[in-house]
S.K.: 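This is the structure I want to talk about, given as C-alpha coordinates.
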Number of protein chains: 2
Amino acid sequence: MKDKTGTPDIYEDLRHRLITGQFVPGQKLKPDELRGAYNCSINTVREVLLRLSSAGLVGFQDQRGFRARDSSVRHQHELTQMRILLEQEGAVLSMRRGGLAWEARLTAAHHKLSHIESQIALSGQVEPVLDVWCAAEWEFHETLLSDCGSDLMRRTFASIYDQFRQQLVTRERNYGYFPENVAEHQRIVDAALARDEALCRQRIHEHLSRNLLPGAETDAPAARASGAAW
Amino acid sequence: MKDKTGTPDIYEDLRHRLITGQFVPGQKLKPDELRGAYNCSINTVREVLLRLSSAGLVGFQDQRGFRARDSSVRHQHELTQMRILLEQEGAVLSMRRGGLAWEARLTAAHHKLSHIESQIALSGQVEPVLDVWCAAEWEFHETLLSDCGSDLMRRTFASIYDQFRQQLVTRERNYGYFPENVAEHQRIVDAALARDEALCRQRIHEHLSRNLLPGAETDAPAARASGAAW
DNA sequence: AAAAATATAAATCTTGAAATTTCGATCGGA
DNA sequence: TCCGATCGAAATTTCAAGATTTATATTTTT
(Lines give C-alpha, C1' and ligand atoms only; values in the text may rest on other atoms or scores of the structure.)
Protein backbone atom coordinates (compact mmCIF):
# COMPACT_ATOMS: atom_id res chain seq x y z
CA MET A 1 0.00 0.00 0.00
CA LYS A 2 1.38 3.33 -1.05
CA ASP A 3 1.02 6.59 0.78
CA LYS A 4 1.58 9.13 -1.96
CA THR A 5 -0.67 12.10 -2.21
CA GLY A 6 -0.45 13.25 -5.84
CA THR A 7 -3.42 12.53 -8.07
CA PRO A 8 -1.28 11.33 -11.00
CA ASP A 9 0.42 8.88 -8.67
CA ILE A 10 -2.88 7.48 -7.53
CA TYR A 11 -3.93 7.07 -11.15
CA GLU A 12 -0.74 5.24 -12.04
CA ASP A 13 -0.91 2.98 -9.02
CA LEU A 14 -4.52 2.00 -9.56
CA ARG A 15 -3.90 1.48 -13.26
CA HIS A 16 -0.98 -0.77 -12.43
CA ARG A 17 -3.02 -2.78 -9.98
CA LEU A 18 -5.78 -3.17 -12.53
CA ILE A 19 -3.58 -4.45 -15.35
CA THR A 20 -1.69 -6.83 -13.09
CA GLY A 21 -4.77 -8.58 -11.86
CA GLN A 22 -4.77 -7.34 -8.28
CA PHE A 23 -8.55 -7.00 -8.36
CA VAL A 24 -11.08 -9.73 -8.92
CA PRO A 25 -12.76 -9.01 -12.26
CA GLY A 26 -16.26 -7.90 -11.29
CA GLN A 27 -15.10 -6.55 -7.93
CA LYS A 28 -16.62 -3.38 -6.62
CA LEU A 29 -14.23 -0.46 -6.25
CA LYS A 30 -15.49 1.76 -3.46
CA PRO A 31 -13.82 5.14 -3.21
CA ASP A 32 -14.35 5.06 0.52
CA GLU A 33 -12.24 1.93 0.92
CA LEU A 34 -9.50 2.86 -1.54
CA ARG A 35 -9.26 6.24 0.10
CA GLY A 36 -7.34 4.87 3.05
CA ALA A 37 -4.48 3.43 1.02
CA TYR A 38 -3.70 6.80 -0.52
CA ASN A 39 -4.44 9.02 2.43
CA CYS A 40 -6.76 11.29 0.48
CA SER A 41 -10.40 12.22 0.11
CA ILE A 42 -13.20 10.22 -1.46
CA ASN A 43 -13.60 12.61 -4.34
CA THR A 44 -9.96 12.39 -5.33
CA VAL A 45 -10.30 8.64 -5.72
CA ARG A 46 -13.57 9.18 -7.51
CA GLU A 47 -11.88 11.45 -10.04
CA VAL A 48 -9.23 8.85 -10.73
CA LEU A 49 -11.77 6.07 -11.12
CA LEU A 50 -13.75 8.22 -13.49
CA ARG A 51 -10.72 8.63 -15.71
CA LEU A 52 -9.91 4.95 -15.52
CA SER A 53 -13.42 4.21 -16.67
CA SER A 54 -12.85 6.38 -19.74
CA ALA A 55 -9.73 4.34 -20.33
CA GLY A 56 -11.85 1.19 -20.30
CA LEU A 57 -10.17 -0.40 -17.30
CA VAL A 58 -13.03 0.04 -14.87
CA GLY A 59 -16.73 -0.22 -15.42
CA PHE A 60 -19.01 2.55 -14.35
CA GLN A 61 -22.75 2.82 -14.03
CA ASP A 62 -24.57 5.95 -13.03
CA GLN A 63 -25.57 5.90 -9.38
CA ARG A 64 -24.15 2.46 -8.78
CA GLY A 65 -20.45 3.07 -8.71
CA PHE A 66 -17.32 1.51 -10.09
CA ARG A 67 -16.22 -2.05 -10.67
CA ALA A 68 -13.06 -3.65 -11.98
CA ARG A 69 -13.78 -4.52 -15.60
CA ASP A 70 -15.03 -8.08 -15.69
CA SER A 71 -13.42 -10.51 -18.05
CA SER A 72 -15.05 -12.15 -21.03
CA VAL A 73 -13.67 -14.00 -23.99
CA ARG A 74 -15.82 -11.77 -26.19
CA HIS A 75 -14.11 -8.64 -24.99
CA GLN A 76 -10.74 -10.32 -25.17
CA HIS A 77 -11.46 -11.23 -28.78
CA GLU A 78 -12.39 -7.69 -29.71
CA LEU A 79 -9.32 -6.28 -28.01
CA THR A 80 -7.14 -8.75 -29.89
CA GLN A 81 -8.77 -7.75 -33.17
CA MET A 82 -7.98 -4.14 -32.46
CA ARG A 83 -4.45 -4.90 -31.36
CA ILE A 84 -3.77 -6.75 -34.58
CA LEU A 85 -5.23 -3.95 -36.64
CA LEU A 86 -3.28 -1.19 -34.92
CA GLU A 87 -0.07 -3.13 -34.53
CA GLN A 88 0.00 -4.21 -38.16
CA GLU A 89 -0.70 -0.73 -39.44
CA GLY A 90 1.65 0.97 -37.01
CA ALA A 91 4.46 -1.46 -37.70
CA VAL A 92 4.14 -1.04 -41.45
CA LEU A 93 4.21 2.73 -41.14
CA SER A 94 7.24 2.55 -38.90
CA MET A 95 8.97 0.26 -41.38
CA ARG A 96 8.51 2.89 -44.07
CA ARG A 97 9.52 5.88 -41.99
CA GLY A 98 11.90 4.38 -39.50
CA GLY A 99 15.63 4.65 -40.06
CA LEU A 100 18.66 3.36 -38.27
CA ALA A 101 17.61 4.84 -34.94
CA TRP A 102 14.33 2.96 -35.01
CA GLU A 103 16.03 -0.30 -35.98
CA ALA A 104 18.44 0.18 -33.10
CA ARG A 105 15.67 0.78 -30.59
CA LEU A 106 13.73 -2.19 -31.89
CA THR A 107 16.63 -4.61 -31.66
CA ALA A 108 17.50 -3.24 -28.22
CA ALA A 109 13.95 -3.71 -26.95
CA HIS A 110 13.82 -7.18 -28.43
CA HIS A 111 17.14 -8.12 -26.93
CA LYS A 112 16.03 -7.04 -23.49
CA LEU A 113 12.74 -8.89 -23.79
CA SER A 114 14.43 -11.95 -25.21
CA HIS A 115 16.86 -12.07 -22.30
CA ILE A 116 14.12 -11.92 -19.72
CA GLU A 117 11.99 -14.49 -21.49
CA SER A 118 14.91 -16.88 -21.66
CA GLN A 119 15.25 -16.60 -17.92
CA ILE A 120 11.57 -17.33 -17.50
CA ALA A 121 11.83 -20.32 -19.80
CA LEU A 122 14.64 -21.70 -17.67
CA SER A 123 13.05 -21.17 -14.28
CA GLY A 124 9.54 -21.83 -15.52
CA GLN A 125 8.28 -19.04 -13.31
CA VAL A 126 6.99 -15.64 -14.35
CA GLU A 127 6.17 -14.15 -10.96
CA PRO A 128 9.70 -13.36 -9.80
CA VAL A 129 10.29 -11.06 -12.77
CA LEU A 130 6.68 -10.18 -13.51
CA ASP A 131 7.01 -6.41 -13.45
CA VAL A 132 10.19 -6.26 -15.44
CA TRP A 133 8.80 -8.71 -17.99
CA CYS A 134 5.59 -6.71 -18.38
CA ALA A 135 7.61 -3.56 -18.95
CA ALA A 136 9.83 -5.23 -21.52
CA GLU A 137 6.94 -6.82 -23.40
CA TRP A 138 5.19 -3.45 -23.55
CA GLU A 139 8.34 -1.67 -24.63
CA PHE A 140 8.91 -4.12 -27.44
CA HIS A 141 5.45 -3.77 -28.92
CA GLU A 142 5.42 -0.03 -28.38
CA THR A 143 8.75 0.35 -30.12
CA LEU A 144 7.42 -1.56 -33.09
CA LEU A 145 4.92 1.27 -33.73
CA SER A 146 7.00 4.05 -32.30
CA ASP A 147 7.93 5.57 -35.64
CA CYS A 148 4.50 5.40 -37.25
CA GLY A 149 4.32 9.20 -37.12
CA SER A 150 0.98 9.34 -35.36
CA ASP A 151 0.69 10.19 -31.70
CA LEU A 152 -2.99 9.34 -31.92
CA MET A 153 -2.22 5.84 -33.11
CA ARG A 154 0.34 5.31 -30.37
CA ARG A 155 -2.00 6.52 -27.65
CA THR A 156 -4.88 4.47 -28.99
CA PHE A 157 -2.65 1.42 -29.06
CA ALA A 158 -1.47 2.10 -25.52
CA SER A 159 -5.05 2.17 -24.33
CA ILE A 160 -5.96 -1.03 -26.14
CA TYR A 161 -2.81 -2.75 -24.91
CA ASP A 162 -3.65 -1.96 -21.30
CA GLN A 163 -7.13 -3.36 -21.63
CA PHE A 164 -5.80 -6.40 -23.44
CA ARG A 165 -3.34 -7.09 -20.66
CA GLN A 166 -6.01 -6.64 -18.02
CA GLN A 167 -8.13 -9.27 -19.72
CA LEU A 168 -5.29 -11.69 -20.26
CA VAL A 169 -3.97 -11.46 -16.75
CA THR A 170 -7.26 -12.50 -15.23
CA ARG A 171 -7.66 -15.49 -17.51
CA GLU A 172 -4.23 -17.00 -18.09
CA ARG A 173 -2.36 -18.49 -15.18
CA ASN A 174 0.98 -17.28 -16.52
CA TYR A 175 -0.01 -13.66 -16.92
CA GLY A 176 0.07 -14.12 -20.68
CA TYR A 177 3.55 -15.54 -20.98
CA PHE A 178 4.02 -18.35 -23.47
CA PRO A 179 7.27 -20.05 -24.40
CA GLU A 180 6.43 -19.58 -28.07
CA ASN A 181 6.70 -15.81 -27.61
CA VAL A 182 10.47 -15.87 -27.88
CA ALA A 183 10.43 -17.27 -31.38
CA GLU A 184 7.43 -15.23 -32.48
CA HIS A 185 8.97 -11.95 -31.39
CA GLN A 186 12.14 -12.87 -33.23
CA ARG A 187 10.24 -13.55 -36.42
CA ILE A 188 8.43 -10.21 -36.18
CA VAL A 189 11.71 -8.35 -35.78
CA ASP A 190 13.23 -10.21 -38.72
CA ALA A 191 10.36 -9.28 -41.00
CA ALA A 192 10.37 -5.69 -39.81
CA LEU A 193 14.09 -5.20 -40.40
CA ALA A 194 13.76 -6.87 -43.80
CA ARG A 195 11.03 -4.33 -44.61
CA ASP A 196 8.72 -7.12 -45.74
CA GLU A 197 5.36 -5.56 -44.97
CA ALA A 198 3.13 -8.48 -45.83
CA LEU A 199 5.27 -10.91 -43.89
CA CYS A 200 5.39 -8.63 -40.89
CA ARG A 201 1.60 -8.30 -40.91
CA GLN A 202 1.25 -12.03 -41.07
CA ARG A 203 3.63 -12.67 -38.19
CA ILE A 204 1.97 -10.08 -35.98
CA HIS A 205 -1.28 -11.84 -36.67
CA GLU A 206 0.20 -15.22 -35.85
CA HIS A 207 1.65 -13.86 -32.65
CA LEU A 208 -1.68 -12.59 -31.38
CA SER A 209 -4.15 -15.01 -32.93
CA ARG A 210 -3.93 -17.30 -29.92
CA ASN A 211 -6.21 -14.82 -28.15
CA LEU A 212 -8.89 -14.76 -30.81
CA LEU A 213 -12.09 -16.72 -30.47
CA PRO A 214 -11.66 -20.13 -32.09
CA GLY A 215 -14.59 -19.97 -34.46
CA ALA A 216 -14.07 -16.43 -35.69
CA GLU A 217 -13.78 -15.75 -39.37
CA THR A 218 -10.27 -15.01 -40.53
CA ASP A 219 -9.09 -12.90 -43.41
CA ALA A 220 -7.55 -14.99 -46.10
CA PRO A 221 -4.31 -13.17 -46.88
CA ALA A 222 -5.36 -12.67 -50.46
CA ALA A 223 -8.70 -11.18 -49.50
CA ARG A 224 -7.06 -7.87 -48.79
CA ALA A 225 -5.33 -7.75 -52.13
CA SER A 226 -6.30 -4.32 -53.36
CA GLY A 227 -7.38 -2.54 -50.24
CA ALA A 228 -6.05 1.01 -50.19
CA ALA A 229 -4.95 2.49 -46.91
CA TRP A 230 -3.58 6.00 -46.87
CA MET B 1 -28.34 27.78 -22.74
CA LYS B 2 -29.88 24.80 -21.05
CA ASP B 3 -30.98 24.57 -17.46
CA LYS B 4 -30.94 20.83 -16.88
CA THR B 5 -29.36 19.45 -13.79
CA GLY B 6 -28.36 15.89 -14.71
CA THR B 7 -24.66 15.22 -15.16
CA PRO B 8 -25.15 13.13 -18.33
CA ASP B 9 -27.09 16.02 -19.85
CA ILE B 10 -24.28 18.44 -19.12
CA TYR B 11 -21.83 16.04 -20.70
CA GLU B 12 -23.93 15.69 -23.82
CA ASP B 13 -24.51 19.42 -24.14
CA LEU B 14 -20.86 20.34 -23.73
CA ARG B 15 -19.85 17.58 -26.12
CA HIS B 16 -22.31 18.90 -28.66
CA ARG B 17 -21.03 22.44 -28.31
CA LEU B 18 -17.46 21.23 -28.72
CA ILE B 19 -18.04 19.27 -31.92
CA THR B 20 -20.13 22.03 -33.49
CA GLY B 21 -17.47 24.67 -33.08
CA GLN B 22 -19.16 26.76 -30.41
CA PHE B 23 -15.82 27.31 -28.70
CA VAL B 24 -12.75 28.99 -30.12
CA PRO B 25 -10.08 26.27 -30.45
CA GLY B 26 -7.59 27.17 -27.75
CA GLN B 27 -10.24 28.79 -25.55
CA LYS B 28 -10.06 28.34 -21.84
CA LEU B 29 -12.97 26.45 -20.29
CA LYS B 30 -13.42 27.65 -16.75
CA PRO B 31 -15.72 25.53 -14.61
CA ASP B 32 -16.73 28.65 -12.72
CA GLU B 33 -18.09 30.30 -15.86
CA LEU B 34 -19.77 27.22 -17.34
CA ARG B 35 -21.36 26.53 -13.98
CA GLY B 36 -23.96 29.25 -14.46
CA ALA B 37 -25.39 27.84 -17.67
CA TYR B 38 -26.20 24.52 -16.03
CA ASN B 39 -27.17 25.71 -12.61
CA CYS B 40 -24.81 23.37 -10.83
CA SER B 41 -21.63 23.30 -8.82
CA ILE B 42 -18.08 23.83 -10.02
CA ASN B 43 -17.12 20.26 -9.27
CA THR B 44 -19.88 18.85 -11.43
CA VAL B 45 -18.60 20.79 -14.42
CA ARG B 46 -15.09 19.76 -13.52
CA GLU B 47 -16.07 16.11 -13.59
CA VAL B 48 -17.64 16.49 -17.01
CA LEU B 49 -14.61 18.31 -18.40
CA LEU B 50 -12.37 15.62 -17.02
CA ARG B 51 -14.30 12.99 -18.92
CA LEU B 52 -14.32 15.08 -22.08
CA SER B 53 -10.55 15.35 -21.81
CA SER B 54 -10.32 11.57 -21.75
CA ALA B 55 -12.46 11.61 -24.90
CA GLY B 56 -9.90 13.88 -26.54
CA LEU B 57 -12.24 16.81 -27.04
CA VAL B 58 -10.73 19.10 -24.42
CA GLY B 59 -7.15 19.61 -23.41
CA PHE B 60 -6.15 19.33 -19.81
CA GLN B 61 -3.01 20.25 -17.93
CA ASP B 62 -2.48 19.59 -14.29
CA GLN B 63 -2.98 22.70 -12.17
CA ARG B 64 -3.76 24.89 -15.17
CA GLY B 65 -7.20 23.81 -16.16
CA PHE B 66 -9.10 22.94 -19.30
CA ARG B 67 -9.09 24.29 -22.85
CA ALA B 68 -11.06 23.50 -25.97
CA ARG B 69 -8.80 21.27 -28.07
CA ASP B 70 -6.90 23.49 -30.44
CA SER B 71 -6.90 22.67 -34.12
CA SER B 72 -3.93 21.61 -36.19
CA VAL B 73 -3.63 20.02 -39.61
CA ARG B 74 -1.32 17.48 -38.04
CA HIS B 75 -3.98 16.25 -35.65
CA GLN B 76 -6.57 16.36 -38.40
CA HIS B 77 -4.33 14.19 -40.53
CA GLU B 78 -3.87 11.61 -37.81
CA LEU B 79 -7.59 11.49 -37.10
CA THR B 80 -8.28 10.97 -40.78
CA GLN B 81 -5.75 8.13 -40.90
CA MET B 82 -7.49 6.47 -38.02
CA ARG B 83 -10.93 7.02 -39.48
CA ILE B 84 -9.89 5.38 -42.73
CA LEU B 85 -8.37 2.45 -40.90
CA LEU B 86 -11.38 1.82 -38.68
CA GLU B 87 -14.00 2.56 -41.28
CA GLN B 88 -12.41 0.28 -43.87
CA GLU B 89 -12.01 -2.58 -41.43
CA GLY B 90 -15.44 -2.12 -39.88
CA ALA B 91 -17.17 -1.86 -43.23
CA VAL B 92 -15.50 -5.01 -44.53
CA LEU B 93 -16.48 -6.94 -41.43
CA SER B 94 -20.04 -5.70 -41.71
CA MET B 95 -20.14 -6.71 -45.35
CA ARG B 96 -19.23 -10.24 -44.36
CA ARG B 97 -21.58 -10.53 -41.40
CA GLY B 98 -24.36 -8.17 -42.36
CA GLY B 99 -27.54 -9.57 -43.82
CA LEU B 100 -30.69 -8.06 -45.18
CA ALA B 101 -31.36 -6.05 -42.05
CA TRP B 102 -27.99 -4.34 -42.30
CA GLU B 103 -28.46 -3.60 -46.00
CA ALA B 104 -31.84 -2.09 -45.21
CA ARG B 105 -30.46 0.14 -42.49
CA LEU B 106 -27.60 1.20 -44.69
CA THR B 107 -29.77 2.17 -47.62
CA ALA B 108 -32.17 3.93 -45.27
CA ALA B 109 -29.39 5.94 -43.66
CA HIS B 110 -27.96 6.77 -47.04
CA HIS B 111 -31.32 7.82 -48.39
CA LYS B 112 -31.89 10.16 -45.49
CA LEU B 113 -28.46 11.67 -45.80
CA SER B 114 -28.77 11.95 -49.55
CA HIS B 115 -32.05 13.80 -49.24
CA ILE B 116 -30.63 16.35 -46.83
CA GLU B 117 -27.49 16.85 -48.87
CA SER B 118 -29.54 17.47 -51.98
CA GLN B 119 -31.37 20.22 -50.14
CA ILE B 120 -28.07 21.74 -49.09
CA ALA B 121 -26.78 21.57 -52.64
CA LEU B 122 -29.86 23.47 -53.84
CA SER B 123 -29.86 26.20 -51.21
CA GLY B 124 -26.09 26.34 -50.96
CA GLN B 125 -26.40 26.75 -47.21
CA VAL B 126 -25.55 24.25 -44.51
CA GLU B 127 -26.44 26.25 -41.41
CA PRO B 128 -30.24 25.98 -41.63
CA VAL B 129 -30.07 22.19 -41.44
CA LEU B 130 -26.77 21.85 -39.66
CA ASP B 131 -27.85 19.68 -36.77
CA VAL B 132 -29.97 17.33 -38.83
CA TRP B 133 -27.22 17.01 -41.43
CA CYS B 134 -24.61 16.23 -38.77
CA ALA B 135 -26.85 13.56 -37.32
CA ALA B 136 -27.50 12.00 -40.73
CA GLU B 137 -23.84 12.03 -41.72
CA TRP B 138 -22.93 10.36 -38.45
CA GLU B 139 -25.69 7.81 -38.76
CA PHE B 140 -24.59 6.86 -42.25
CA HIS B 141 -20.99 6.21 -41.33
CA GLU B 142 -21.98 4.50 -38.10
CA THR B 143 -24.35 2.21 -39.92
CA LEU B 144 -21.59 1.23 -42.29
CA LEU B 145 -19.70 -0.36 -39.38
CA SER B 146 -22.71 -1.27 -37.31
CA ASP B 147 -22.55 -4.99 -38.04
CA CYS B 148 -18.83 -5.43 -37.60
CA GLY B 149 -19.51 -7.46 -34.48
CA SER B 150 -17.23 -5.47 -32.23
CA ASP B 151 -18.55 -2.98 -29.72
CA LEU B 152 -15.01 -1.91 -29.06
CA MET B 153 -14.50 -0.99 -32.69
CA ARG B 154 -17.76 0.95 -32.81
CA ARG B 155 -16.98 2.90 -29.66
CA THR B 156 -13.45 3.61 -30.79
CA PHE B 157 -14.78 4.84 -34.10
CA ALA B 158 -17.35 7.01 -32.38
CA SER B 159 -14.63 8.67 -30.35
CA ILE B 160 -12.42 9.26 -33.38
CA TYR B 161 -15.36 10.57 -35.39
CA ASP B 162 -16.20 13.15 -32.73
CA GLN B 163 -12.65 14.42 -32.63
CA PHE B 164 -12.49 14.45 -36.41
CA ARG B 165 -15.62 16.54 -36.60
CA GLN B 166 -14.36 18.93 -33.96
CA GLN B 167 -11.25 19.53 -36.01
CA LEU B 168 -13.07 19.88 -39.29
CA VAL B 169 -15.68 22.27 -37.98
CA THR B 170 -13.10 24.76 -36.80
CA ARG B 171 -11.23 24.76 -40.09
CA GLU B 172 -13.75 24.42 -42.90
CA ARG B 173 -16.22 27.17 -43.50
CA ASN B 174 -18.97 24.71 -44.46
CA TYR B 175 -18.69 22.55 -41.36
CA GLY B 176 -17.19 19.81 -43.55
CA TYR B 177 -19.89 19.66 -46.18
CA PHE B 178 -18.75 19.19 -49.76
CA PRO B 179 -20.95 18.73 -52.83
CA GLU B 180 -18.87 15.74 -53.82
CA ASN B 181 -20.07 13.90 -50.73
CA VAL B 182 -23.34 12.90 -52.37
CA ALA B 183 -21.65 10.95 -55.14
CA GLU B 184 -18.96 9.56 -52.84
CA HIS B 185 -21.47 8.20 -50.33
CA GLN B 186 -23.39 6.60 -53.17
CA ARG B 187 -20.30 4.87 -54.44
CA ILE B 188 -19.49 3.53 -51.00
CA VAL B 189 -22.97 2.08 -50.62
CA ASP B 190 -22.79 0.49 -54.04
CA ALA B 191 -19.52 -1.24 -53.28
CA ALA B 192 -20.76 -2.35 -49.87
CA LEU B 193 -23.95 -3.89 -51.21
CA ALA B 194 -21.97 -5.56 -53.99
CA ARG B 195 -19.75 -7.06 -51.30
CA ASP B 196 -16.67 -5.89 -53.14
CA GLU B 197 -14.28 -5.47 -50.24
CA ALA B 198 -11.33 -4.02 -52.09
CA LEU B 199 -13.49 -1.52 -53.92
CA CYS B 200 -15.24 -0.46 -50.76
CA ARG B 201 -11.92 0.12 -49.02
CA GLN B 202 -10.74 2.19 -51.91
CA ARG B 203 -13.86 4.35 -51.98
CA ILE B 204 -13.78 4.97 -48.26
CA HIS B 205 -10.22 6.10 -48.70
CA GLU B 206 -11.16 8.38 -51.58
CA HIS B 207 -14.01 9.84 -49.57
CA LEU B 208 -11.78 10.83 -46.67
CA SER B 209 -8.46 11.50 -48.34
CA ARG B 210 -9.34 15.15 -48.82
CA ASN B 211 -8.52 15.62 -45.14
CA LEU B 212 -5.09 14.04 -45.29
CA LEU B 213 -1.94 16.11 -45.46
CA PRO B 214 -1.00 16.67 -49.08
CA GLY B 215 2.53 15.30 -48.97
CA ALA B 216 1.77 12.19 -46.93
CA GLU B 217 2.80 8.81 -48.24
CA THR B 218 -0.07 6.73 -49.55
CA ASP B 219 -0.43 3.00 -49.69
CA ALA B 220 -0.31 1.73 -53.20
CA PRO B 221 -3.27 -0.64 -53.41
CA ALA B 222 -1.02 -3.53 -54.26
CA ALA B 223 1.27 -2.87 -51.33
CA ARG B 224 -1.13 -4.59 -49.00
CA ALA B 225 -1.34 -7.69 -51.12
CA SER B 226 -0.79 -10.40 -48.56
CA GLY B 227 -1.45 -8.71 -45.27
CA ALA B 228 -3.39 -10.98 -42.99
CA ALA B 229 -5.98 -9.47 -40.71
CA TRP B 230 -7.99 -11.75 -38.51
C1' DA C 1 14.32 51.50 -19.42
C1' DA C 2 14.70 46.51 -18.74
C1' DA C 3 14.78 42.84 -15.67
C1' DA C 4 13.97 40.79 -11.38
C1' DA C 5 11.31 40.48 -7.27
C1' DT C 6 7.33 41.02 -4.75
C1' DA C 7 2.49 41.48 -3.82
C1' DT C 8 -2.11 40.88 -5.28
C1' DA C 9 -5.73 38.56 -7.66
C1' DA C 10 -7.64 34.60 -9.87
C1' DA C 11 -8.16 29.97 -10.74
C1' DT C 12 -7.50 25.20 -9.55
C1' DC C 13 -7.46 21.27 -6.42
C1' DT C 14 -8.72 18.99 -2.21
C1' DT C 15 -11.67 18.17 1.49
C1' DG C 16 -15.61 16.99 4.55
C1' DA C 17 -20.32 17.06 4.90
C1' DA C 18 -25.23 17.27 3.12
C1' DA C 19 -28.61 15.39 -0.16
C1' DT C 20 -29.97 11.75 -3.02
C1' DT C 21 -30.20 7.13 -4.56
C1' DT C 22 -29.46 2.22 -4.23
C1' DC C 23 -29.04 -2.08 -1.77
C1' DG C 24 -30.53 -5.61 1.62
C1' DA C 25 -33.31 -7.39 5.17
C1' DT C 26 -37.45 -7.84 7.52
C1' DC C 27 -42.36 -8.03 7.55
C1' DG C 28 -47.07 -8.86 5.75
C1' DG C 29 -50.18 -10.91 2.54
C1' DA C 30 -51.44 -14.25 -0.99
C1' DT D 1 -43.62 -21.00 0.52
C1' DC D 2 -43.36 -17.28 -2.47
C1' DC D 3 -43.91 -12.59 -3.88
C1' DG D 4 -44.12 -7.69 -3.03
C1' DA D 5 -43.79 -3.65 0.05
C1' DT D 6 -41.51 -1.05 3.61
C1' DC D 7 -37.89 0.47 6.34
C1' DG D 8 -33.00 1.22 7.60
C1' DA D 9 -28.19 1.18 6.34
C1' DA D 10 -24.72 1.97 3.02
C1' DA D 11 -23.00 3.94 -1.04
C1' DT D 12 -22.98 7.47 -4.52
C1' DT D 13 -23.40 12.16 -6.09
C1' DT D 14 -23.52 16.99 -5.29
C1' DC D 15 -22.19 20.98 -2.99
C1' DA D 16 -19.62 25.02 -0.92
C1' DA D 17 -15.67 26.42 1.51
C1' DG D 18 -10.61 26.11 2.63
C1' DA D 19 -5.85 25.29 0.89
C1' DT D 20 -2.64 25.45 -2.79
C1' DT D 21 -0.95 26.79 -7.07
C1' DT D 22 -0.68 29.79 -11.13
C1' DA D 23 -1.24 34.14 -13.43
C1' DT D 24 -1.17 39.23 -13.36
C1' DA D 25 0.14 43.76 -11.85
C1' DT D 26 3.14 46.61 -9.23
C1' DT D 27 7.33 47.87 -7.29
C1' DT D 28 12.26 47.66 -6.81
C1' DT D 29 16.81 47.18 -8.53
C1' DT D 30 20.41 47.39 -11.94
Side-chain angles (χ1 to χ4, degrees), chain A residues 1-18 22-72 166, chain B residues 1-18 22-71 155 166:
Chain A
M1 298 294 174
K2 304 288 176 57
D3 206 82
K4 295 183 174 182
T5 45
T7 301
D9 300 312
I10 300 175
Y11 182 92
E12 274 312 314
D13 187 60
L14 269 181
R15 168 179 163 280
H16 181 260
R17 291 174 67 181
L18 283 163
Q22 295 183 37
F23 293 107
V24 180
Q27 177 181 352
K28 217 154 182 330
L29 301 174
K30 303 182 199 173
D32 200 18
E33 293 178 0
L34 270 44
R35 187 178 68 84
Y38 303 105
N39 190 37
C40 69
S41 168
I42 290 179
N43 293 33
T44 304
V45 176
R46 182 183 161 76
E47 234 182 59
V48 170
L49 288 172
L50 218 40
R51 290 168 67 176
L52 285 167
S53 81
S54 294
L57 293 176
V58 317
F60 170 72
Q61 272 191 300
D62 205 67
Q63 298 283 13
R64 59 193 64 173
F66 305 91
R67 293 176 174 280
R69 194 75 145 90
D70 50 3
S71 84
S72 80
Q166 181 188 37
Chain B
M1 300 291 174
K2 303 287 176 58
D3 206 80
K4 295 183 175 182
T5 45
T7 302
D9 300 312
I10 300 176
Y11 182 92
E12 273 312 314
D13 187 60
L14 268 180
R15 169 180 162 280
H16 182 258
R17 291 173 68 181
L18 283 164
Q22 294 182 40
F23 293 106
V24 180
Q27 178 180 351
K28 219 158 181 326
L29 301 174
K30 304 182 197 174
D32 200 18
E33 293 177 359
L34 270 43
R35 188 178 70 83
Y38 302 106
N39 191 36
C40 70
S41 167
I42 290 179
N43 295 34
T44 305
V45 177
R46 182 183 161 76
E47 229 182 65
V48 170
L49 288 173
L50 218 40
R51 290 167 67 175
L52 284 166
S53 81
S54 293
L57 293 175
V58 316
F60 170 70
Q61 273 191 297
D62 203 67
Q63 298 284 12
R64 59 193 63 174
F66 304 91
R67 295 175 173 280
R69 193 75 143 93
D70 50 3
S71 83
R155 276 184 290 113
Q166 181 188 37

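A note on names: the letters A, B, ... follow the listed sequences, proteins ahead of strands, and every chain is numbered from 1.
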S.K.: To the nearest Å, how far apart are B:Asp9 CG and D:dT14 C1'?
M.R.: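 So the CG-C1' distance, B:Asp9 to D:dT14, works out to 15 Å.
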
S.K.: Rounded to the nearest angstrom, tell me the gap between atom CD1 in A:Ile10 and atom P in C:dT14.
M.R.: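 Atom CD1 in A:Ile10 sits about 8 Å away from atom P in C:dT14.
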
S.K.: Provide, to the nearest angstrom, the distance between the CZ atom belonging to A:Phe66 and the C1' atom belonging to C:dT22.
M.R.: 15 Å

S.K.: Return no unless some side-chain N or O of B:Thr44 is found under 4.0 Å from OP1 or OP2 of D:dC15.
M.R.: yes

S.K.: Calculate, to the nearest 0.5 Å, the distance between atoms CG and CG belonging to B:Leu50 and B:Asn43 respectively.
M.R.: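 Going from CG on B:Leu50 over to CG on B:Asn43, the span is 11.0 Å.
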
S.K.: Would one find a side-chain N or O of B:Thr7 under 4.0 angstrom from OP1 or OP2 of D:dT13?
M.R.: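 Looking at the OP1 and OP2 atoms of D:dT13, neither is under 4.0 Å from any side-chain N or O of B:Thr7.
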
S.K.: Between C:dT22 atom P and A:Arg67 atom CZ, what is the distance in whole Å?
M.R.: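 These atoms are roughly 14 Å apart.
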
S.K.: Pairs under 3.5 angstrom, nitrogen or oxygen only, protein versus nucleotides 16-22 of chain D, please.
M.R.:
{"residue": "D:dA16", "atom": "N6", "partner": "B:Asn43", "partner atom": "OD1", "Å": "3.4"}
{"residue": "D:dA16", "atom": "N6", "partner": "B:Asn43", "partner atom": "ND2", "Å": "2.8"}

S.K.: Separation of B:Asn39 atom CG from D:dT14 atom P, in whole Å?
M.R.: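 About 13 Å, once rounded to whole Å.
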
S.K.: Let me confirm one number: the CD-CD1 distance from B:Glu47 to B:Ile10, rounded to the nearest 0.5 Å.
M.R.: 9.5 Å

S.K.: Determine whether a donor-acceptor pair (N or O, by modelled atom type, separation under 3.5 Å) exists between the side chain of B:Arg67 and the backbone of B:Gly59.
M.R.: no

S.K.: What's the shortest heavy-atom distance between B:Ser71 and B:Pro25, and which atoms?
M.R.: N-CB, 3.9 Å

S.K.: For the side chain to side chain donor-acceptor pair (under 3.5 Å) test, which of B:Asp9, B:Asp13, B:Thr7, B:Thr44 pairs with B:Tyr38?
M.R.: B:Asp13

S.K.: Where the side chain of A:Gln166 meets the backbone of A:Leu57, is there a donor-acceptor pair that is under 3.5 Å apart?
M.R.: yes

S.K.: Minimum heavy-atom separation for A:Val58 and A:Leu49, please, with both atom names.
M.R.: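 Smallest heavy-atom distance, with atoms named: CG2-O, 3.5 Å.
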
S.K.: Looking at A:Val48 and A:Tyr11, what are the two nearest heavy atoms and their distance?
M.R.: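 The pair with the smallest heavy-atom distance is CG1-CA, 3.6 Å.
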
S.K.: Without decimals, in angstroms, what is the distance between B:Gln61 CD and C:dT12 P?
M.R.: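 Atom-to-atom, B:Gln61 to C:dT12, this comes out as 12 Å.
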
S.K.: Considering only heavy atoms, which members of residues 24-33 of chain A lie under 4.0 Å from some atom of DNA chain C?
M.R.: none

S.K.: Let me check something: any side-chain donor-acceptor pairs from residues 29-36 of chain B under 3.5 Å, sequence neighbours excluded? List them with distances.
M.R.:
none

